[in-house]
Every structure is written in C-alpha cells, then in structure tokens.
Amino acid sequence: MSRVTALIDGNNFYASCEQSLDASLIGRPLVVLSNNDGCIVARSSEARALGISMGTPYFKVRHKLDRLGVVVRSSNYALYGDMSQRLMSLLEAHCEELEIYSIDEAFAYVNGPSDDNLKPWARQLRAQVHRNLGLPIAIGLGASKGQAKLANHLAKAIPAHAGVFNLLTASDPDTWLESVAIENVWGIGRKLAHWCRLRGVTNARQLRDMPRSQLHARCGVVGIRLQRELQGHACLPLALAPTSKQETCVSRSFSRPIANPEELRQAIATYVVRASEKLRRQQQRAGTLTVFTRTSPFAPAFYSQAATIQLDLPSNDTAILLAAALPLVERIYRPHCRLNKAGVLMQNLQSADHLQQHLLVAVHADEQHRRDRLMNTIDRLNHRYGSGTVGWAVCGMQPGWSMRRHQLSRAATTRLNDVPLVLA
DNA sequence: TCTGGGGTCCTAGGACCC
DNA sequence: TCTGGGGTCCTAGGACCC
C-alpha cells in the first residue's frame with residue numbers, strides 16, 4: 001500500500017455556485033465581487049477568457065464589463081457556505097481522511113496499492129459531485145501537499161487532463177513541473193516570486209532543485225519545507241481534527257467614509273456583536289480585545305489606529321465585550337480623516353468550558369450562568385428568525401455606512417422565501 | 001466618488017531573569 | 001580601565017494563504 005495525497009477543489013467556486021443556482025448563467029461570462037462590491041474575486045471560465053483578471057477593482061472595469069455583456073454578482077456568502085458544506089460531506093463519504101482547508105478546498109489521503117492508478121476513482125468522484133451539486137471540481141494527486149497542489153494546478157490548466165492529474169504516474173514529471181510558473185507555486189507569493197526570478201528561478205522544477213542554503217537564508221524553515229514537499233517528502237501532515245482558533249476578527253470597509261464618532265461607535269458595536277456570536281459558536285472566550293480603524297491605503301495621508309484592552313476575565317458575553325470596546329472608540333477616532341474601514345480583533349482566546357482558577361469566577365458563577373443562558377437564547381432566536389431579530393441599540397438602525405451589495409443573488413438554499421420555484 | 005475579509009506561521013529583537 | 005552567557009517570553013512585522 002502507498003498513501004497518496006489529493007487536493008480537491010472547486011473550479012471558480014463562487015462563480016460556479018451562482019451558476020448552479022441559476023442555470024441561465026451557465027456558459028456565460030460571470031464575475032463575483034468582494035464585499036462592498038469592491039474587487040473581482042471569482043470569474044467563470046468565459047469571463048477569464050475575456051482577459052478579466054482576479055482582484056481588479058470593480059469601478060475600474062465596470063464599463064468594460066457592461067460592454068462585454070459580463071454578468072456581475074455581489075458575493076453571497078450564505079450561499080457559498082451552504083454549497084461548501086454539501087461539497088465537503090460528499091467528499092468525506094469518498095475519502096478515508098479529509099482536511100477541509102478552505103471554503104472550496106480539501107486535502108485527502110487516498111490509499112491504494114503502489115501500482116494502482118487512481119484516475120478511475122478521481123473521475124468517478126468528479127462526476128458524482130457534478131451530478132449532485134452542479135459544481136465542477138479538480139483533483140490533483142501527489143506524494144505531499146505541495147505536489148498535490150501542483151498536480152491540481154495542472155489538472156485545471158491543461159484541458160486534456162479534464163480535471164484530474166496524478167503527478168506520481170505522469171510519464172515526465174520534470175517537464176510538467178517546468179510548465180508551472182514560480183508565481184503559481186503554493187507558498188510563493190509576490191515578494192518571493194520576484195526574489196526567485198532575480199536568481200533565475202522561474203518555475204516549480206527550478207525551485208525544487210535550487211541550492212537549499214540559498215532558500216534557507218531567505219525563507220528560513222518555511223522555504224526548506226516547501227522545497228522538501230516539492231521533492232516528494234511529505235512535511236505537512238493533514239490536519240484531521242480542526243484546531244481551535246487563536247484569534248477571531250470581524251472587520252468591514254464602509255460604503256462611504258465615516259462622518260462622525262457616533263457612526264464609528266455604531267460600526268464598532270456592530271462588529272463586537274458579530275465577533276461575540278462567533279466566539280460563542282466556537283465555544284471560546286476572549287482575554288484581549290482590540291478595536292481598529294483606518295483610512296483608505298490608496299489615498300494620501302494614510303491614518304491607522306488601534307486600541308487594546310485586557311479583560312479582567314475572559315468573556316464571550318456581548319454586553320461585557322461592548323462595555324469594554326466602546327470606550328476605546330474615542331482613542332482611535334480622528335476628526336477630518338476619511339475613515340473607510342474598522343474592525344475588532346478578539347485575542348488570547350480560551351476554551352469556554354475551561355473553568356479559570358480565579359476567585360471572581362467562583363463568586364460570580366451563578367451570575368455567569370444566567371448570562372450564558374441569556375446569550376444562548378438570543379443566538380437561538382437570531383438563528384431561527386433571522387440575524388438581527390434581537391439586536392443591540394448601540395449598533396444603530398439602518399446605518400448609512402453599511403455594505404454595498406447591489407447585485408446580490410437570492411439565498412435559495414438557506415432562506416425559505418428564496419427557494420426556487422419549479423413549475424411542473 | 002468607487003480598491004475585500006479572515007486567518008496562520010515564522011523571525012528578530014527587546015525585556016527580563018539568573 | 002576592565003562589564004558574561006544563556007534562557008524564556010512577548011511583540012511587531014513580514015510573508016503567505018484562500
């Protein structure tokens with residue numbers, strides 16, 4: 001038996017989710033925008049063929065998209081999250097061990113005899129995902145996560161591979177590695193790609209074979225690990241049990257600059273409410289809370305400020321976290337600055353069931369239980385009747401700075417009113 | 001006018017201790 | 001005049017990922 005690592009991911013995931021919901025979009029150029037309708041974060045293959053690149057600010061290409069007849073959608077994370085869950089449960093049923101790596105990607109171990117060709121297994125899985133969910137996926141196979149990533153890239157980049165590629169059984173793997181540009185190697189970002197190119201390292205094969213000491217001097221152990229992975233030594237094991245988060249952040253850009261300290265208070269309060277909900281869902285409490293705001297980094301005279309408070313006792317109680325956060329707002333607000341983003345950061349997280357050995361905890365145990373039950377009730381009401389059913393006055397009603405999402409698709413899989421009607 | 005959001009890991013350097 | 005060495009902890013910043 002040999003153990004092969006697979007990387008399975010959705011092609012153009014957000015765009016494909018929109019298409020699976022609305023069949024009239026299939027075959028058409030389509031882009032999905034980031035929050036606030038800011039940048040292009042996903043493109044259908046037809047949009048890609050038109051030369052529309054990832055990360056482009058929407059306002060710069062809006063007219064071009066109109067002219068080319070490209071369909072535009074605001075991001076609909078309720079839909080993508082729900083499709084992701086369906087995809088992952090299907091994958092779980094077909095893989096021995098699975099690490100859910102992101103909303104649209106999973107690593108898996110696949111066991112088979114050493115001479116086994118895993119292509120039939122991969123083709124069958126790919127077909128079933130398409131049949132059940134309407135989503136196209138790609139499957140890359142290799143000896144390590146790094147190799148599986150490369151194979152996945154080649155599965156998508158070469159049409160003849162039809163979404164499945166196994167680096168371990170490929171006839172001339174070095175040639176395939178040479179066809180992958182250094183920028184497309186997992187773990188090589190903009191800075192490192194530039195550094196590599198200056199040294200004549202322009203593709204995955206050259207990175208794999210470059211002098212180890214040179215890589216170590218620039219990238220430390222991270223670089224060495226990456227190189228070993230490309231050589232086929234698995235250094236990064238699958239994370240099979242999800243680990244608890246070390247920090248949790250809620251932040252947003254505003255649809256227009258914040259005009260006064262009261263608006264900033266409302267925004268911070270809104271994010272604290274969200275972050276507290278997240279903490280409770282993760283069954284964690286925060287020991288440290290940071291609020292921050294900034295102006296646009298693209299405008300002159302950049303301003304950015306943060307303020308932090310250590311809590312007496314770690315908490316996930318919205319009222320306590322609001323009381324801690326709101327006094328910090330005046331420390332970060334600055335008049336005459338066009339503040340366009342703010343957020344809160346919860347840090348020093350600890351498990352909520354962990355009873356802290358602290359005198360005050362014992363003294364206030366009853367009170368704490370009462371508060372926990374209250375928060376639990378609020379969470380259940382909001383879950384059942386829709387987010388915002390029970391709100392907090394400090395967040396403001398109908399704020400003028402909230403997110404722009406002009407081209408939102410329906411929440412067909414998660415909200416009853418939006419379920420598509422099928423006429424018999 | 002208009003440029004996303006939420007994470008992780010690693011390293012270097014300072015503070016502090018014995 | 002001459003001022004050690006090694007360890008730990010914390011933080012800020014850099015780089016990356018999707």
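Each chain gets a letter, A, B and so on, in the order its sequence line appears, and its residues count up from 1. What you see below is based on every heavy atom in this structure, not just the backbone, and it leaves out hydrogens, waters and symmetry mates.
The aromatic rings of A/Tyr77 and A/Tyr80 lie perpendicular to each other, with more than 60° between the two planes, well past the 30° mark.
Screening residues 60-73 of chain A for side-chain hydrogen bond (donor to acceptor under 3.5 Å, both in side chains) gives no qualifying pairs among residues at least two apart or on separate chains. Listed by first then second residue, pairs satisfying salt bridge (charged side-chain N to carboxylate O under 4.0 Å, His left out) with a partner in residues 180-196 of chain A read A/Glu183-A/Arg197, not counting sequence neighbours. Each salt bridge (charged side-chain N to carboxylate O under 4.0 Å, His left out) pair with one or both residues in residues 316-341 of chain A, not counting sequence neighbours, appears once here: A/Asp317-A/Arg371.
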Bracket notation of DNA chain B in which parentheses pair within the strand, [ ] cross earlier pairs, and | pairs with another strand (Watson-Crick or G-U, under 3.5 Å): ....||||||||||||||
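Partners of A/Tyr271 under the ring pair (Phe, Tyr, Trp, His ring centres under 6.0 Å) rule, at least two apart in sequence or in another chain, do not exist in this structure. Take A/Phe254 and apply the ring pair (Phe, Tyr, Trp, His ring centres under 6.0 Å) test, not counting sequence neighbours, and it matches A/Trp401. A/Tyr303 meets the ring pair (Phe, Tyr, Trp, His ring centres under 6.0 Å) test with no other residue; sequence neighbours excluded. The ring pair (Phe, Tyr, Trp, His ring centres under 6.0 Å) test applied to A/His153 returns no partner, not counting sequence neighbours.
Listed in residue order, the members of residues 232-253 of chain A having a heavy atom less than 4.0 Å from DNA chain B are A/Lys245, A/Gln246, A/Glu247, A/Thr248, A/Cys249, A/Val250, A/Ser251, A/Arg252, A/Ser253. Annotation: proximity of residues 190-215 of chain A to DNA chain C (heavy atom, distance under 4.0 Å) is found for A/Arg190, A/Lys191, A/Leu192, numbered in ascending order. Only at 4.0 angstrom or more do the heavy atoms of residues 136-154 of chain A sit from any atom of DNA chain B, so none qualifies.
Contact of the A/Glu99 side chain with the A/Tyr109 side chain is not registered, since no non-hydrogen atoms from C-beta on lie closer than 4.5 Å. Residues A/Leu135 and A/Phe13 meet the side-chain proximity criterion, which asks for heavy atoms closer than 4.5 Å. With a 4.5 Å cut-off on side-chain heavy atoms, A/Ser409 and A/Leu79 count as touching. The side-chain heavy atoms of A/Ile40 and A/Leu33, taken from C-beta on, include a pair separated by under 4.5 Å.
Using a 4.0 Å heavy-atom cutoff across all strands shown, A/Arg338 reaches sugar-phosphate atoms only and no base atom. Residue A/Leu33 is classed as having no contact, given no heavy-atom separation below 4.0 Å to the nucleic acid. Contacts of A/Asn340 with the nucleic acid, taken as non-hydrogen atoms under 4.0 Å apart, involve only primed sugar atoms and P, OP1 or OP2. Using a 4.0 Å heavy-atom criterion, one finds that A/Arg225 contacts the sugar-phosphate atoms exclusively. Nucleic acid contact for A/Asn35: sugar-phosphate only, since backbone atoms but no base atoms lie under 4.0 Å from a heavy atom of the residue. Residue-level contact check: A/Val185 touches the backbone only, with heavy atoms under 4.0 Å from sugar-phosphate atoms and none from bases. Nucleic acid contact class of A/Tyr58 (heavy atoms, under 4.0 Å, all strands): none. Contact annotation for A/Asp37: no contact, since no heavy-atom pair falls under 4.0 Å across all strands.
Judged by closest nucleotide on DNA chain B, A/Pro257 is the one of A/Pro257 and A/Val222 placed further toward the 5' end.
B/dT3 and C/dC17 have their P atoms separated by 25 Å, given to the nearest Å. Between B/dC16 and C/dG4, the distance separating the two C1' atoms is 16 Å to the nearest Å.
Using a 4.0 Å cut-off between charged side-chain N and carboxylate O, A/Glu18 and A/Arg28 make no salt bridge. A salt bridge links A/Glu277 to A/Arg274: one of the charged nitrogens lies within less than 4.0 Å of a carboxylate oxygen. A salt bridge between A/Arg208 and A/Asp174 is present, with a side-chain N of the basic residue lying under 4.0 Å from a carboxylate O of the acidic one.
For DNA chain C, the contact window with chain A, defined by any atom under 4.0 Å from a protein heavy atom, covers C/dA15 to C/dC18 in 5' to 3' order.
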From CA spacing to verdict: side-chain hydrogen bond (donor to acceptor under 3.5 Å, both in side chains), A/Asn76, A/Ser74: CA-CA 6 Å; A/Asn76 184 345; A/Ser74 300; over 6 Å; no
